[in-house]
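Residue numbering restarts at 1 for every chain, and letters A, B, ... go by the order of the sequence lines.
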2 protein chains.
Amino acid sequence: MPKNGPDPRAILDLDRIVHEPARLAILTVLASAEEVSFLFLQRVTGLSKGNLSSHTQKLEAAGYLETVKAFQGRIPVTSFRITEDGRAALRVYHQQLRALLPKEGKP
Amino acid sequence: MPKNGPDPRAILDLDRIVHEPARLAILTVLASAEEVSFLFLQRVTGLSKGNLSSHTQKLEAAGYLETVKAFQGRIPVTSFRITEDGRAALRVYHQQLRALLPKEGKP
DNA sequence: CAAAACAGGTTTGCAATACAAACTTGTTTC
DNA sequence: GAAACAAGTTTGTATTGCAAACCTGTTTTG
């Protein structure tokens with residue numbers, strides 16, 4: 001019986017917005033909290049400010065998160081929330097990853 | 001109890017050579033066969049020739065596959081084999097993916 | 001048998017990206 | 001009140017993924 005792995009074409013269908021590690025990290029954090037501040041996100045991901053800023057912008061453009069700008073006293077604080085679309089995209093992405101992982105316990 | 005997801009920093013450590021979908025598809029195919037011809041690889045992945053060529057070159061440069069050039073009669077045939085390093089990299093990658101996937105069966 | 005079509009790949013050119021350095025705007029400290 | 005600092009954004013750059021164009025040899029065809 002010929003070894004029959006996952007469909008290689010399916011791999012090419014992965015959502016590149018989600019697939020990029022920096023953004024996947026961001027979405028992963030956002031998925032587990034209601035709202036996350038820019039600075040917290042930066043600390044927890046280790047991304048540079050510039051990098052984090054552009055990735056969140058890209059995620060917002062994709063409709064996967066929304067940006068909330070507020071003031072903490074008189075200093076401005078930017079926070080993010082994952083959207084339903086973002087959650088859905090992440091779910092789909094996870095499903096696709098599962099599909100391409102070999103079943104647990106191969107020789 | 002606060003939801004405690006996967007470590008976001010770990011996501012940034014993913015091997016970008018493997019992480020790129022086209023190359024992941026290639027490695028996935030190579031992992032399940034001893035040797036695979038260029039043309040078969042092209043058909044099964046759906047990649048363009050140019051694209052396939054450059055990705056296999058990158059994988060070879062990374063030491064993840066080796067290229068075998070031979071003749072079938074008088075026409076040249078290029079084939080590829082995954083190396084031990086390639087197999088190891090793929091294994092590690094799979095492990096990392098598993099670590100970042102939420103446990104099966106969440107609400 | 002010459003030329004035209006074709007096969008198997010590789011190289012080139014280009015648009016898109018990820019990333020951090022430099023900048024901006026406002027606030028706090030000295 | 002000048003200088004340092006904070007929170008982000010924009011700019012500049014090197015890298016990348018991709019397919020069109022190219023190359024070398026083989027097969028088909030008029």
Side-chain angles (χ1 to χ4, degrees), chain A residues 8-30 35-62 64-81 89, chain B residues 8-30 35-62 64-81 89:
Chain A
R9 301 239 186 185
I11 300 178
L12 300 178
D13 287 338
L14 288 169
D15 183 345
R16 317 282 283 216
I17 297 285
V18 180
H19 191 59
E20 162 62 30
R23 286 189 295 262
L24 181 54
I26 292 170
L27 284 180
T28 300
V29 174
L30 290 189
E35 189 169 318
V36 175
S37 75
F38 186 99
L39 289 176
F40 178 80
L41 208 44
Q42 196 197 338
R43 275 196 302 278
V44 74
T45 60
L47 294 168
S48 71
K49 295 166 175 216
N51 207 0
L52 177 54
S53 176
S54 47
H55 282 304
T56 53
Q57 283 181 48
K58 193 158 292 197
L59 285 167
E60 178 166 40
Y64 290 175
L65 64 72
E66 59 185 11
T67 304
V68 180
K69 285 181 180 293
F71 280 83
Q72 207 92 288
R74 40 178 58 239
I75 86 167
V77 172
T78 302
S79 300
F80 307 99
R81 290 167 177 268
Chain B
R9 301 238 186 186
I11 299 177
L12 300 178
D13 288 337
L14 288 168
D15 182 345
R16 314 277 293 210
I17 298 286
V18 179
H19 190 61
E20 163 62 29
R23 288 189 294 263
L24 180 54
I26 292 170
L27 285 180
T28 300
V29 173
L30 290 188
E35 190 169 318
V36 175
S37 74
F38 186 99
L39 289 176
F40 178 80
L41 207 45
Q42 196 197 337
R43 275 196 303 278
V44 76
T45 59
L47 294 169
S48 72
K49 294 165 174 213
N51 207 0
L52 178 54
S53 177
S54 47
H55 282 303
T56 53
Q57 283 181 49
K58 192 157 292 194
L59 285 166
E60 179 166 39
Y64 290 174
L65 64 74
E66 60 185 11
T67 303
V68 181
K69 285 179 180 292
F71 281 84
Q72 206 91 289
R74 38 180 57 236
I75 86 170
V77 172
T78 303
S79 299
F80 307 98
R81 289 168 180 269

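- Listed by first and then second residue, the salt bridge (Lys or Arg N to Asp or Glu O under 4.0 Å) pairs that reach into residues 12-22 of chain A are R16(A)-E20(B), E20(A)-R16(B), sequence neighbours excluded.
- Distance Q42(B) CD to dA7(C) C1': 11 Å, rounded to the nearest Å.
- Rounded to whole Å, the distance from CG on L47(B) to P on dC18(D) is 7 Å.
- dG9(C) atom C1' lies 9 Å from atom CD of Q57(B), rounded to whole Å.
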Between L30(B) and Y64(B), does a side chain to side chain contact (heavy atoms under 4.5 Å, CB included) hold up when you go through it step by step?
CA-CA 10 Å; L30(B) 290 188; Y64(B) 290 174; over 6 Å; no

Each nucleotide in nucleotides 21-30 of chain C should get exactly one letter: B, S or -. Can you fill that in based on protein heavy atoms under 4.0 Å?
B-----SS--

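- Summary of the strand contacts: S79(B) and S48(A) both lie near DNA chain C, and taking for each the nucleotide with the nearest heavy atom, the more 5' one is attributed to S79(B).
- Here the side chain of K58(A) is nearest to one of dT10(C), dG8(D), dT17(C), namely dT17(C).
- Applying the side-chain hydrogen bond (donor to acceptor under 3.5 Å, both in side chains) test to R9(A) and every residue at least two apart in sequence or in another chain returns nothing.
- Near DNA chain C, meaning a heavy atom under 4.0 Å from it, residues 10-28 of chain A has E20(A), A22(A), R23(A) in order of number.
- A straight line from CG of L52(B) to P of dG8(C) spans 13 Å, rounded to a whole angstrom.
- Ring planes of H19(A) and H19(B): parallel class, angle under 30° (limits at 30 and 60°).
- An OP1 or OP2 oxygen of dC18(D) is reached within less than 4.0 angstrom by a side-chain nitrogen or oxygen of H55(B).
- Residues that satisfy the side-chain hydrogen bond (donor to acceptor under 3.5 Å, both in side chains) test with N51(A), not counting sequence neighbours, are H55(A).
- We find that CZ of F40(A) is positioned 19 Å from C1' of dA6(D), with the value rounded to whole Å.
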Check the pair L41(B), L47(B) against side chain to side chain contact (heavy atoms under 4.5 Å, CB included), reporting the backbone distance first and the verdict last.
CA-CA 8 Å; L41(B) 207 45; L47(B) 294 169; over 6 Å; no

Less than 3.5 Å apart, which donor and acceptor atoms pair up between the side chains of residues 66-73 of chain A and the rest of the protein, not counting sequence neighbours?
| unit_1 | atom_1 | unit_2 | atom_2 | d |
| --- | --- | --- | --- | --- |
| T67(A) | OG1 | E60(A) | OE1 | 3.1 |
| T67(A) | OG1 | E60(A) | OE2 | 3.3 |
| K69(A) | NZ | T78(A) | OG1 | 3.3 |

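- Where L39(B) and S54(B) each meet DNA chain C at their nearest nucleotide, the meeting point lying more 5' is that of L39(B).
- Residues in residues 39-57 of chain B take part in no salt bridge (Lys or Arg N to Asp or Glu O under 4.0 Å) pair, two or more places apart or across chains.
- Taking atom CD of residue E60(A) and atom P of nucleotide dG8(D), one finds them 14 Å apart after rounding to whole Å.
- Nearest nucleotide to the side chain of S53(B), out of dG17(D), dT9(D), dT10(C): dT10(C).
- By the side-chain hydrogen bond (donor to acceptor under 3.5 Å, both in side chains) test, S53(B) pairs with Q57(B), sequence neighbours left out.
- For the pair R43(A) CZ and dG8(D) C1', the interatomic distance rounds to 15 Å; values are reported in whole Å.
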